[in-house]
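Encoded as structure tokens, the structure appears first; notes follow it.
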Amino acid sequence: MTPAWLQPVTTAVRQAYDAQRLPHAVLIHETAGAGGDWLAQWLTQLVLCSDLGAAPCGTCVSCQRCQVQQHPDARILQLQEDAQQLKIEQVRELIAELALTSHQGGYKVGVILQAERLNRFAANALLKTLEEPPANTLLILVTHTPSLLPATIRSRCQKLFIPAPDRPASLTWLEQQHGSGPWDTLLTIFGERPMLVAKVDGELACRLATEVDQALTALSVGKADPLFLAEQWQRNHLDLRIRCFENWLTKQIRGLATSHLSGEAIRLRLCKLFDLMDGVRELKASLETSINKSLALESVLRRFGDC
Ligand SMILES: [Zn+2]
């Protein structure tokens with residue numbers, strides 16, 4: 001079933017397909033976790049489905065093969081385990097695959113997930129295929145940050161934008177697809193990213209969010225040790241804990257709007273909270289490279305006592 005916030009884009013694409021105006025390359029610009037991968041699969045099924053009138057029907061052999069990523073005419077390129085970049089060898093393999101005759105006699109589809117991770121050489125290799133694509137080829141690039149892709153790539157793709165859904169639309173889709181769950185809490189933790197939320201360990205995320213809330217509340221009144229917390233947090237799920245840290249700060253900042261504190265006290269508190277927010281964002285940005293995460297985390301947590 002098509003999520004409500006994706007219906008305008010799927011309708012437009014379906015019309016273009018019916019009118020035989022489907023471009024050979026599309027760039028899906030998604031709010032991360034709001035359905036870029038879903039739309040890429042929908043598009044793949046659209047052009048490979050054997051039921052032209054109902055494509056993508058979701059039930060024919062082609063659609064089913066696409067759903068389990070086993071269709072011989074569709075190939076997905078994504079980050080290899082532990083890799084930070086999509087490499088030129090991967091792009092070359094994809095291009096070679098697309099140049100072969102299709103098994104079904106129709107489209108060949110190449111999907112590139114997290115396309116912003118294409119390194120310079122890989123992007124250059126892809127450019128040639130975008131300039132002179134083989135007939136009946138559909139290239140689908142998915143990214144949440146198109147500005148990280150070379151302009152030469154962006155300009156050769158038709159853009160499809162996926163907006164972040166609102167909370168009711170996310171909740172409706174999650175309940176329809178996955179039954180009841182702590183969806184509202186999880187969307188608060190992860191933001192309006194229902195496709196991501198559907199995949200996370202909900203129980204763990206809710207438990208960690210509560211733990212982090214309690215720890216930071218204790219720390220803010222001097223009843224917790226930043227060193228101990230930093231050591232505890234960096235042992236596991238640090239990304240998630242930092243996300244919860246950010247959410248806790250946002251909640252505190254919003255709470256000040258209804259607080260009974262004096263103007264000056266609110267100003268001081270806001271300064272402190274924004275300083276912490278800066279620290280958390282720097283920490284997040286450095287997570288991929290930081291050698292001593294514990295130290296970086298400890299230095300942010302120590303800021304609680306600075307003001
Ligand atoms: Zn089908």
Side-chain angles (χ1 to χ4, degrees), residues 1-31 33-78 90 93-115 126 129-130 133-143 157-163 165 169-170 172-179 193-199:
M1 164 179 184
T2 305
W5 66 96
L6 286 168
Q7 272 163 12
V9 67
T10 54
T11 304
V13 170
R14 173 79 225 205
Q15 282 168 355
Y17 181 60
D18 288 345
Q20 299 186 327
R21 283 189 292 102
L22 203 63
H24 67 267
V26 295
L27 177 63
I28 298 175
H29 175 193
E30 65 159 353
T31 302
D37 297 7
W38 187 96
L39 184 60
Q41 177 160 325
W42 183 90
L43 263 165
T44 306
Q45 283 181 221
L46 174 73
V47 299
L48 296 176
C49 179
S50 7
D51 185 349
L52 264 186
C57 73
T59 52
C60 71
V61 173
S62 260
C63 282
Q64 287 181 349
R65 281 185 175 164
C66 288
Q67 285 157 10
V68 292
Q69 302 185 358
Q70 296 283 338
H71 198 294
D73 291 327
R75 193 181 176 98
I76 298 176
L77 192 158
Q78 55 196 328
Q90 291 176 276
E93 273 175 34
L94 178 74
I95 292 169
E97 184 76 35
L98 292 175
L100 298 174
T101 315
S102 93
H103 290 76
Q104 257 186 203
Y107 264 92
K108 298 278 292 184
V109 184
V111 178
I112 303 181
L113 301 177
Q114 288 182 274
L126 185 66
T129 301
L130 285 172
N136 278 344
T137 301
L138 176 62
L139 261 169
I140 305 168
L141 280 67
V142 182
T143 180
C157 300
Q158 182 170 325
K159 280 122 201 129
L160 299 177
F161 177 64
I162 303 180
S170 296
T172 304
W173 183 80
L174 283 163
E175 274 159 19
Q176 275 169 350
Q177 297 296 307
H178 303 282
R193 306 156 89 191
M195 306 283 181
L196 171 83
V197 158
K199 291 184 201 157

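Counting starts at 1 for both ligands and their atoms, in listed order. Nothing here was measured: the structure is a model prediction, and the numbers come from that model.
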Side chain proximity check, Leu126 to Ile112, heavy atoms < 4.5 angstrom: yes

Between Pro194 and Pro3, is there a side-chain heavy-atom distance shorter than 4.5 Å? no

Keeping to residues at least two apart or across chains, list the side-chain hydrogen bond (donor to acceptor under 3.5 Å, both in side chains) pairs with something in residues 19-30. none

Would you please test Cys66 and Thr44 for side-chain contact (heavy atoms from CB on, under 4.5 Å) and show each step? CA-CA 7 Å; Cys66 288; Thr44 306; 4.0 Å; yes

Distance check, rounded to the nearest 0.5 Å: Leu6 atom CG versus Met1 atom CE? 11.0 Å

Within less than 2.8 Å of the Zn ion (ligand 1), how many protein N/O/S atoms are there? 4

When the ring planes of His178 and Trp173 are compared, do they come out parallel, tilted or perpendicular, using 30° and 60° as the limits? perpendicular

